[in-house]
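Values in this document were obtained by computation on a predicted structure and should not be read as measured data. A, B, ... follow the sequence lines: proteins, then strands. Residue 1 opens every chain.
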Amino acid sequence: MVNQYNLSEGALQTIMKGGEYTAPIMQVLGIKKINSGSADKERYRMLLSDGKNTISFAMLTTQLKDAVGSGGIPIFTIIKINRFITSVINNSGKGDTRVLLILDMQILVSGEEVGEKIGSPTTLSDAVINEQPSNGSNTSTSVAKPAQNGVAVAPSSSTANSSSTNGASLAGQLTHPISSLSPYHNKWVIKARVLNKSAIRTWSNSRGEGKLFSVDLVDESGEIRLTAFRDQVDKFYDYIQIDKVYYISKCQLKPANKQFSNLKNDYEMTMTPDTIIQECFESDNSAIPQTKYDFVNIDKIANMEPGVLIDVIGVVKNVGDLQTFQAKTTGRELKKKEAVLVDQSNTAINLTLWGAEAESFDGTNHPVVLIKGARLTEFGGGKNISTVSSSLMKTNPDIPECYRLRHWYDNGGSHSDATNLSARSGSGSLSTTWMSFSEVQDQGLGKAERGDYYQVMGTILLMRSENLMYKACPTEDCNKKVIDLENGMYRCEKCNREFPNFKYRLLASMNVGDWSGNQWISMFSSEVEKVLGMTAQAVGETVEQDPEALTTITDKANFKQFVMKCRVKMETYNDESRLKTVCIKVEDINY
DNA sequence: CCCCCCCC
């Protein structure tokens with residue numbers, strides 16, 4: 001019969017022997033869904049014809065699921081295959097089988113319209129597929145040979161192509177798609193691009209100690225994480241570089257712990273002493289995906305939820321010094337550096353970098369910085385972004401967005417007065433609005449989650465002397481009241497420790513009036529000290545000597561006038577909710 | 001074999 005649909009006769013033989021063929025047209029003679037465990041990994045296996053031959057190992061990859069639709073492709077449909085790769089898969093111990101992986105295709109004629117098998121194609125046998133090519137081109141059927149002496153092909157300082165030193169080059173091998181990797185196959189070579197490389201991290205716990213780093217790998221079929229421990233860290237850390245393409249073989253596969261990775265793969269890999277990694281020097285690796293960025297304009301971050309990971313690009317408007325401090329909970333020494341990023345939305349946000357990244361970051365001269373996978377955080381009502389271990393940061397990256405931002409900033413952007421999303425609604429003097437006590441009441445302030453902030457010109461009408469001071473935990477930054485054990489020791493329940501000493505703290509309750517009314521307010525130690533003109537320690541020692549002196553001290557506060565920045569917030573105590581007002585800052589009145 | 005992602 002006439003092949004009126006112009007199938008690409010002979011294409012399968014060429015392709016399955018490793019040759020090139022542009023956009024072949026094929027007919028689907030059968031299709032079935034392969035149950036691979038999880039719904040998002042479902043694949044289709046097809047019986048495919050080019051009019052002359054058929055193969056039964058044609059696979060539709062996961063990402064084409066949407067193009068195929070829930071019902072699959074009807075039999076007799078004619079398709080054009082826009083992108084494909086071939087691969088060798090270990091077929092459950094029955095030997096290697098060559099498969100055709102379809103990466104991109106389109107339907108040309110529906111199966112219903114075609115209605116029949118075209119031509120009389122015959123099965124393309126493994127014998128034909130596997131026969132040695134006469135020209136010795138890149139159609140080798142074997143996967144990587146082990147490196148000599150089981151030694152991985154490590155980077156060599158003297159040779160660009162390390163394979164030249166031990167004869168186990170993986171270049172030119174038929175490679176396997178990342179999506180085909182599983183713990184049940186160990187003979188494979190992938191060709192993948194490194195999208196991200198972590199810093200080297202050490203750990204020490206009850207099961208031992210060591211160091212590790214990991215990389216995120218991608219090819220046309222999917223992505224996977226590869227982690228190196230101990231010796232492999234030394235061997236490969238410097239060799240592997242972000243954005244480069246490598247042949248990789250002989251890693252150990254195991255189920256991925258989804259809790260700690262957002263890569264789309266059910267498995268992850270670990271390097272072994274046999275692992276081979278060689279940079280791929282082929283001139284055109286453009287088919288292997290590059291990092292994709294989904295940049296969020298900074299102004300849009302205002303409406304996003306804390307905790308999400310986002311891609312941000314901005315110009316460093318200014319940068320702070322490296323800061324070192326102790327983590328309160330773990331006691332670990334932390335290093336951080338903050339930079340303010342701004343973009344064309346004329347909005348800025350603070351970026352926090354940690355550890356080695358903070359130490360090495362040079363934010364001078366206003367570089368453009370991009371962060372893929374920055375974590376959005378919230379503090380004091382302001383939004384911030386922070387790098388986490390999975391984040392990818394680049395300075396002055398060679399991408400169009402970078403040049404656009406550079407141009408914008410250098411042509412006026414730097415002079416614009418950007419809104420900073422990181423501004424805290426709490427104590428910053430600019431963001432607090434003037435209100436009277438009656439306005440606060442009339443407008444029903446205090447219902448917001450984080451409370452509402454305002455400032456008043458207030459006069460202290462009465463400062464209570466009762467419970468003005470207490471004995472607090474001597475630990476810096478812990479102001480918890482201690483329990484006097486009556487044996488010379490003081491116990492802090494928060495620190496779960498006993499101390500031979502304590503520090504005095506003040507916690508004042510006072511009635512404050514303004515022109516519109518009055519309000520009971522709490523005030524913490526630092527501000528009470530300003531009001532009284534005495535340190536908490538001095539108050540404590542004075543009262544130790546003479547308990548009667550307490551009222552003399554508080555009386556001195558009465559009728560003093562200050563600018564008071566206040567927070568009003570609904571608090572629940574013993575099932576009872578009521579509005580509580582705290583004066584977080586007192587300032588002398590600037591006439 | 002890690003799996004923390006921190007502070008004001």
By a 5.5 angstrom centroid cut-off and a 30 degree plane limit, is there stacking between A/Trp203 and B/dC2? no
Result for side-chain contact (heavy atoms from CB on, under 4.5 Å) between A/Ile385 and one of A/Thr352, A/Asn350, A/Leu341 points to A/Leu341
The side chain of A/Arg332 lies closest to which of these nucleotides: B/dC7, B/dC2, B/dC4? B/dC4
Under 4.0 angstrom, heavy atoms only, what part of the nucleic acid is A/Arg375 near: base, sugar-phosphate, or nothing? nothing
Can you tell me if A/Arg406 uses its side chain to pair, donor with acceptor, with the backbone of A/Glu401 under 3.5 Å? no
Round to a whole Å and report the spacing from CH2 of A/Trp354 to C1' of B/dC7. 5 Å
From C-beta outward on A/Leu334, which listed nucleotide comes closest to its side chain: B/dC4, B/dC6, B/dC7? B/dC6
Quick one: the side chain of A/Thr227 and the base of B/dC1, do they pair up donor-acceptor inside 3.5 Å? no
Nearest-Å distance, CG (A/Asn257) to C1' (B/dC1)? 13 Å
Do any side-chain nitrogens or oxygens of A/Arg207 fall under 4.0 Å of OP1 or OP2 in B/dC2? yes
Let me know the distance between CG of A/Leu351 and P of B/dC6, rounded to the nearest Å. 13 Å
Rounded to whole Å, please give me the gap between CG in A/Leu376 and P in B/dC6. 12 Å
Whether A/Arg201 contacts B/dC3 is assessed here as follows: a side-chain N or O lying under 4.0 Å from the phosphate OP1 or OP2. Is that the case? yes
Using a cut-off of 4.0 Å on non-hydrogen atoms, how would the nucleic acid contact of A/Lys254 be classed: base, sugar-phosphate, or nothing? base
Are the charged groups of A/Asp588 and A/Lys530 less than 4.0 angstrom apart, N to O? no
Select base, sugar-phosphate, or nothing to describe what A/Glu268 touches, counting heavy atoms under 4.0 Å on all strands. base
How about A/Asn205: does its CG atom have over 12 heavy atoms from other parts shown lying under 6.0 Å from it? yes
Has A/Phe379 got its ring stacked on B/dC8, by the test of a centre gap below 5.5 Å and a plane angle below 30°? yes
Which of the following nucleotides, B/dC1, B/dC5, B/dC8, is nearest to the side chain of A/Thr270? B/dC1
Nearest-Å distance, CE (A/Met271) to C1' (B/dC2)? 14 Å
Yes or no on salt bridge (charged side-chain N to carboxylate O under 4.0 Å, His left out) for A/Lys335 and A/Glu359, after CA distance, side-chain angles and deciding distance? CA-CA 8 Å; A/Lys335 290 192 170 111; A/Glu359 286 182 291; 3.6 Å; yes
Just the rounded figure in Å: distance from P of B/dC5 to CD1 of A/Ile371. 20 Å
Let me know the distance between CZ of A/Phe260 and C1' of B/dC4, rounded to the nearest Å. 10 Å
Separation of B/dC5 atom P from A/Ile310 atom CD1, nearest Å, is 19 Å
